[in-house]
Amino acid sequence: MRKKLFIPGPTEVAPDVLQKMATPMIGHRSKDASNLQREITEKLRKVMYTQNPILLSTTSGSGLMEGSIRSLTAKRAVVFSVGAFGDRWFKMAEANGVPADKHSAELGKPTTPEVVDQYLSTGKYDVFTITHNETSTGIMHDLQPFAELKKKYPDVYWLVDTVSSLSGVKIDVDALGIDVCITSTQKALALPPGMSIASVTMRSLEHAKTVKNRGLYLDLVDLYSYIEKKDHQYPSTPSLSHMFALNYQLDRILAEGLDNRYKRHFEMAEYTRAWAKKYFALFPVEKFSSQTLTTITNTRNISVGDLNSALGKVGLQISNGYGDLKEKTFRIAHMGELTMSDIQEVTSAIEKILQLK
Ligand SMILES: *Cc1c(COP(=O)(O)O)cnc(C)c1O
């Protein structure tokens with residue numbers, strides 16, 4: 001049986017969007033390919049509230065996370081981790097020989113601007129990274145305090161992972177002054193996995209030119225050079241299928257209206273949080289709980305694996321905890337195409353299976 005996905009990626013894809021993946025191929029050096037990239041750029045600029053260049057990479061979200069930390073770190077990067085995806089960014093730095101330090105918050109707690117200030121005030125760093133929405137712990141940051149802080153450090157570049165939040169909550173890239181804002185197709189944007197997306201400031205691209213050994217496939221400077229000099233094309237063959245679907249899905253998103261989309265996500269999050277508090281407990285501190293997924297503490301000591309098997313029999317799937325949080329927590333995603341009635345369907349199915357009262 002096909003299962004409706006309440007996992008934090010891949011998420012449900014609308015049938016007509018899925019159909020667009022089957023669009024017949026065009027040459028990737030054709031005018032049509034340039035136009036496709038240009039249209040996607042214009043629409044993504046609206047969704048990201050930015051005038052910056054938009055880069056697409058045929059990789060999952062991790063691709064441009066790795067590419068950006070490697071391309072932009074000339075001195076040293078500091079990664080502020082609040083869970084598994086922050087840790088991954090640090091591992092990427094290490095694996096690429098990029099000098100980096102990591103600061104980890106206690107699981108379920110956010111990164112604070114005070115801690116970031118402590119690190120940046122040493123003058124050792126030219127890059128810092130923030131996970132906007134940590135998909136393991138369900139922490140979502142307010143980016144405004146970091147934006148304020150960053151004004152004190154004009155020579156530092158700010159990289160933000162919005163992989164599991166962009167388009168589910170407003171990320172005002174230019175107003176916040178985010179240098180590289182990264183997302184991918186299979187979370188709140190509700191497309192199949194396979195493309196990484198980033199907005200990049202011109203000043204970061206200039207800075208990146210001073211960095212040695214940026215690699216090639218994920219080098220932001222090389223990716224941008226083809227947009228600029230080759231009329232919105234790519235150094236290598238992009239997943240045109242994703243581009244057709246993305247272009248179409250962005251129309252759907254803009255037709256829904258961004259504010260309506262954020263409101264839908266907010267309402268689903270409020271509902272799921274209230275449900276979680278009634279029957280279990282929230283894992284992240286409530287003030288920083290995510291608008292696109294809820295991480296729930298398994299206070300009843302249920303078998304999450306068994307629950308998910310039972311849900312599978314009625315065509316639903318949630319997510320176990322991530323890594324060390326497996327069985328200790330479970331996660332219900334409420335992003336992308338999902339609506340309030342979907343969330344009510346999955347929560348009442350859980351109530352029935354566990355006989356919750
Ligand atoms: C899913 C996710 C990633 C990694 O994305 P992939 O597309 O699987 O490479 C990175 N950061 C966050 C917060 C995520 O949720």
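Whatever order the structure lists them in is the order used to number ligands and atoms, beginning at 1.
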When the ring centroid of F128 is compared with that of Y153, is the distance short of 6.0 Å?
no
Enumerated ligand 1 atoms positioned under 4.0 Å from heavy atoms of M65:
10 (C)
Is there a side-chain contact between R29 and Q233 in this structure, where contact means two heavy atoms from C-beta onward sitting under 4.5 Å apart?
yes
Which of the ligand 1 atoms, numbered from 1, are nearer than 4.0 Å to a heavy atom of S184:
7 (O)
Among protein heavy atoms, which sits nearest to atom 10 (C) of ligand 1, and what does the distance come to when rounded to 0.1 Å?
F85 CD2, 3.3 Å
Name the one of E345, E12, E337 that satisfies salt bridge (Lys or Arg N to Asp or Glu O under 4.0 Å) with K4?
E345
L166 and side chain to side chain contact (heavy atoms under 4.5 Å, CB included): which single residue from T183, V160, D161 fits?
T183
shortest atom 1 (C) of ligand 1-to-protein heavy-atom contact is with K187 NZ, 1.4 Å
Among all protein non-hydrogen atoms, which one is nearest to atom 11 (N) of ligand 1, and what is the separation to 0.1 Å?
D161 OD2, 2.6 Å
Quick check: E134 and ligand 1, any N/O pair under 3.5 Å apart?
no
Please walk me through it: do M48 and I171 pass side chain to side chain contact (heavy atoms under 4.5 Å, CB included)?
CA-CA 6 Å; M48 301 175 88; I171 316 264; over 6 Å; no
Answer with yes or no whether H132 contacts ligand 1, where contact means a heavy atom under 4.0 Å from a ligand atom.
no
Heavy atoms only: which of P8, S62, P193 lies closest to atom 5 (O) of ligand 1?
S62
Quick note on ligand 1: atoms under 4.0 Å from a heavy atom of S164 include exactly 13 (C), 15 (O)
Does T135, backbone or side chain, put an N or O under 3.5 Å from an N or O of ligand 1?
yes
Among protein heavy atoms, which sits nearest to atom 8 (O) of ligand 1, and what does the distance come to when rounded to 0.1 Å?
Q186 NE2, 3.7 Å
Relative to each other, are the rings of W275 and F330 parallel, tilted or perpendicular (30° and 60° limits)?
perpendicular
Could you check whether the rings of H141 and F146 sit parallel, tilted or perpendicular, using 30° and 60° as the cut-offs?
perpendicular
Tested for side chain to side chain contact (heavy atoms under 4.5 Å, CB included) against F280, the lone hit among T297, T294, L356 is L356
Number the atoms of ligand 1 from 1 as they appear, then name those within less than 4.0 Å of a heavy atom of R88, with their elements.
4 (C), 9 (O)
Relative to ligand 1, is N133 under 4.0 angstrom through side chain, backbone, both or neither, heavy atoms considered?
backbone
Could you tell me if the ring centre of H334 sits under 6.0 Å from that of F6?
no
